[in-house]
Amino acid sequence: MDVFCTCLLSASLAILFLSSAGQLVVNVKNKGGEVIVESIQANTTSDTVTLEYLNTDGTLVTLFIDFKSEAQIFRVIMPGEEELGETQPQTMCFITRFSHNDFISSDAMSKLRQKNPTAIRTPEEEKSTVTYTHDLLVDLEKSHVISPHIFNVCSEAVDSIHFTESDLRTISRSLSKDYATMMSAMQRQTPAKYARCMDTQEVDKPCLCRFDMCIGWYPCGLKYCRGKDTVGKVVSYRCGIKTCKRCLTFLHVVDRKRKCVWDG
């Protein structure tokens, strides 16, 4: 049997195997024991991946990865607080630099399909929590200087698209983009001068808001095995994926506490 057949029989492919499908639907338990359904879609033409899930509290979370721009967009759509008279959902976007070591490529993602769609999946590794303190506010109309996809993904956020200057500098150097041009699409904020929203009494006073979220299961890397090909040569071949969980904390300035009612 040649190495490619051996690959399909590998135990590491018990969860997923290569196919022409471009979407996965994955069931994951959160810390409270509730099952969250994730949808993961790859687009090889635009070189992007979209992961989306609906929390039990009605919050819709979307992770959009733009491999070409080395940017990832976390969009959060929260239902309005009825007790505060809010009938419209609140949308926020948090943009961070994307590292290619954090997720498999869009091409590899497009070739994965689940054998048992009803199974509850458990990640192999739980990565440490990452905290981002956002000190830039992105102008939606100029957001293409970071990624051409921000305008569509964050169109409902408008005045709540957050970024960090450190990530902006890194992306500009990595992609040889003009930093001054990119910075012209930003409005500086100074998180350090604001009190945390949980310590702020007045509902219409600006404050520093904290938002926590977790991606409970995602393909964070490829696995490689060694075997022999049809002529007996030892080769390395892709034989599965590694899965991870990661939680993130986003600190950002809001112009009034009522936009951060979940934080205390």
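Note that the structure is a prediction, hence the values are computed from the model and not measured. Because only heavy atoms are used, hydrogens play no part in the values below, and waters and symmetry mates are left out as well, while side chains stay in.
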Checklist entry - Are Val76 and Met78 close enough that some pair of their side-chain heavy atoms sits under 4.5 Å apart? => result yes
Next on the checklist: When you group the ILVMFWY residues by side-chain heavy-atom contacts below 4.5 Å and let the links chain together, are Val130 and Phe94 in the same group?
Outcome noted: yes
Checklist entry - Same cluster for Ile65 and Phe74 if Ile/Leu/Val/Met/Phe/Trp/Tyr side chains link at under 4.5 Å? => result yes
Item to check | Closest non-hydrogen atom pair between Ser236 and Tyr224, with its separation | outcome: OG-CB, 3.8 Å
Checklist outcome for this item: Taken to the nearest 0.5 Å, the spacing of Leu51 CG from Met109 CE works out to 8.0 Å
Checklist entry - Does anything in residues 94-145 pair up under disulfide bond (SG atoms under 2.5 Å apart), and if so which pairs, sequence neighbours excluded? => result none
Checklist entry - Counting N and O atoms only, with roles assigned by atom type, does the side chain of Gln90 sit under 3.5 Å from a partner on the main chain of Lys259, one being a donor and the other an acceptor? => result yes
Item to check | Rounded distance (nearest 0.5 Å) linking atom OG1 of Thr62 with atom CG of Leu60 | outcome: 4.5 Å
Item to check | Residues Thr243, Lys245; criterion side-chain contact (heavy atoms from CB on, under 4.5 Å); working and verdict | outcome: CA-CA 7 Å; Thr243 59; Lys245 172 185 177 180; over 6 Å; no
Checklist entry - So which residues get pulled into Val234's cluster when ILVMFWY side chains under 4.5 Å apart are joined, directly or through others? => result none
Item to check | Ser176 side chain vs Ser172 backbone, donor-acceptor pair below 3.5 Å | outcome: no
Item to check | Non-neighbouring partners of Tyr53 that pass ring-ring contact (aromatic ring centres under 6.0 Å, His included), sequence neighbours left out | outcome: none
Checklist entry - Counting only N and O atoms by type, is there a donor-acceptor contact under 3.5 Å from the side chain of Lys257 to the main-chain atoms of Cys197? => result yes
Next on the checklist: Treating Asn30 as the side-chain partner and Gly216 as the backbone partner, does any N or O pair qualify as donor plus acceptor under 3.5 Å?
Outcome noted: no
Item to check | Backbone N/O of Gly58 and side chain of Asn55: donor-acceptor pair under 3.5 Å | outcome: no
Item to check | Close side-chain approach of Thr164 and Arg97, heavy atoms under 4.5 Å | outcome: no
Checklist entry - Does the gap between the ring centers of His134 and Phe250 come in under 6.0 Å? => result yes
Next on the checklist: Return the CD1 to CG distance between Ile120 and Asn27, rounded to the nearest 0.5 Å.
Outcome noted: 4.5 Å
Next on the checklist: Under 4.5 Å side-chain heavy-atom separation, chaining through any Ile, Leu, Val, Met, Phe, Trp or Tyr, what else clusters with Leu251? Say none if it is isolated.
Outcome noted: Tyr194, Leu208, Val253
Item to check | ILVMFWY network linking Leu136 to Tyr132, side-chain heavy atoms under 4.5 angstrom | outcome: no
Checklist entry - By ring-ring contact (aromatic ring centres under 6.0 Å, His included), which residues pair with Phe103, not counting sequence neighbours? => result Tyr218
Next on the checklist: Regarding Cys247 and Cys214, I want to know if their SG-SG distance comes in below 2.5 Å, which is how I'm defining a disulfide.
Outcome noted: yes
Next on the checklist: For Lys233, give me all partners under side-chain contact (heavy atoms from CB on, under 4.5 Å), at least two apart in sequence or on another chain.
Outcome noted: Asp229, Val231, Val235
Next on the checklist: For the cysteine pair Cys244/Cys220, does the gap between the two SG atoms stay under 2.5 Å?
Outcome noted: yes
Checklist entry - Checking side-chain contact (heavy atoms from CB on, under 4.5 Å) for the pair Tyr179/Arg173: CA distance, chi angles, key distance, verdict? => result CA-CA 8 Å; Tyr179 175 75; Arg173 287 195 301 266; over 6 Å; no
Item to check | Output field: ring centroids Phe67/Phe98 closer than 6.0 Å | outcome: yes
Checklist entry - Nearest heavy-atom pair of Ser46 and Thr48: which atoms, and what distance? => result OG-OG1, 2.8 Å
Next on the checklist: side-chain contact (heavy atoms from CB on, under 4.5 Å) for Val25 and Val37? Distances and angles first, verdict last.
Outcome noted: CA-CA 7 Å; Val25 177; Val37 181; 3.5 Å; yes
Next on the checklist: Quick check for you: to the nearest 0.5 Å, what is the distance between Lys111 atom NZ and Ile104 atom CD1?
Outcome noted: 10.5 Å
For residues 138-153, please give each side-chain donor-acceptor pair under 3.5 Å, one per line with the distance, not counting sequence neighbours.
from   : atom 1 : to     : atom 2 : distance (Å)
Asp139 : OD1    : Glu141 : N      : 3.0
Ser143 : OG     : Leu140 : O      : 2.8
Ser147 : OG     : Asp66  : OD2    : 2.7
Ser147 : OG     : His149 : N      : 3.2

Checklist outcome for this item: Residue pairs meeting side-chain hydrogen bond (donor to acceptor under 3.5 Å, both in side chains), one or both in residues 196-215, sequence neighbours left out, come to Arg196-Asp263, Asp204-Arg258, Arg210-Asp212, Asp212-Thr249
Checklist entry - Does the side chain of Glu34 come within less than 4.5 Å of Lys29's, by heavy atoms? => result no
Next on the checklist: To the nearest 0.5 Å, what is the distance between CD on Glu38 and CD1 on Ile36?
Outcome noted: 8.5 Å
Checklist entry - Mind checking whether Ile40 and Phe64 sit in one hydrophobic cluster, side chains of I, L, V, M, F, W, Y counted as touching below 4.5 Å? => result no
Checklist outcome for this item: The residue among Ser105, Ser106, Ser69 that forms side chain to side chain contact (heavy atoms under 4.5 Å, CB included) with Asp47 is Ser106
Item to check | salt bridge (charged side-chain N to carboxylate O under 4.0 Å, His left out) pairs, two or more places apart, involving residues 179-188 | outcome: Glu165-Arg188
Item to check | 4.5 Å side-chain heavy-atom contact, Pro79 and Pro89 | outcome: no
Next on the checklist: Does Cys207 form a disulfide (SG to SG under 2.5 Å) with Cys260? I'd like the steps, not just the answer.
Outcome noted: CA-CA 9 Å; Cys207 54; Cys260 186; 5.7 Å; no
Item to check | Non-hydrogen side-chain atoms of Ile95 and Gln72 separated by less than 4.5 Å | outcome: no
Checklist entry - Without hydrogens or angle criteria, can the side chains of Asn116 and Thr118 be said to hold a donor-acceptor pair below 3.5 Å? => result yes
Checklist entry - What about Leu63 and Ile161, same hydrophobic cluster or not, with Ile/Leu/Val/Met/Phe/Trp/Tyr joined at side-chain heavy-atom distances under 4.5 Å? => result no
Next on the checklist: I need the full list of disulfide bond (SG atoms under 2.5 Å apart) pairs touching residues 117-156, with sequence neighbours left out, sorted by first then second residue.
Outcome noted: Cys93-Cys154
Next on the checklist: So that I know where these two stand, are His252 and Phe211 an aromatic pair - ring centroids less than 6.0 Å apart?
Outcome noted: no
Next on the checklist: Within the structure provided, determine whether Lys223 and Glu124 are in side-chain contact (heavy-atom separation under 4.5 Å).
Outcome noted: yes
Checklist entry - Could you give all pairs that pass the salt bridge (charged side-chain N to carboxylate O under 4.0 Å, His left out) test and reach residues 50-65, with sequence neighbours left out? => result Glu52-Arg75
Checklist outcome for this item: Separation between CG (Leu24) and CH2 (Trp217), nearest 0.5 Å, reads 6.0 Å
Checklist entry - Should Met182 and Ile171 be marked as a side-chain contact (heavy atoms from CB on, under 4.5 Å) after you check the CA-CA gap, both sets of side-chain angles, and the distance that decides it? => result CA-CA 10 Å; Met182 297 182 74; Ile171 289 176; 4.2 Å; yes
Checklist entry - How would you list, by chain and number, every residue that makes a side-chain contact (heavy atoms from CB on, under 4.5 Å) with Ser160, sequence neighbours excluded? => result Met92, His162
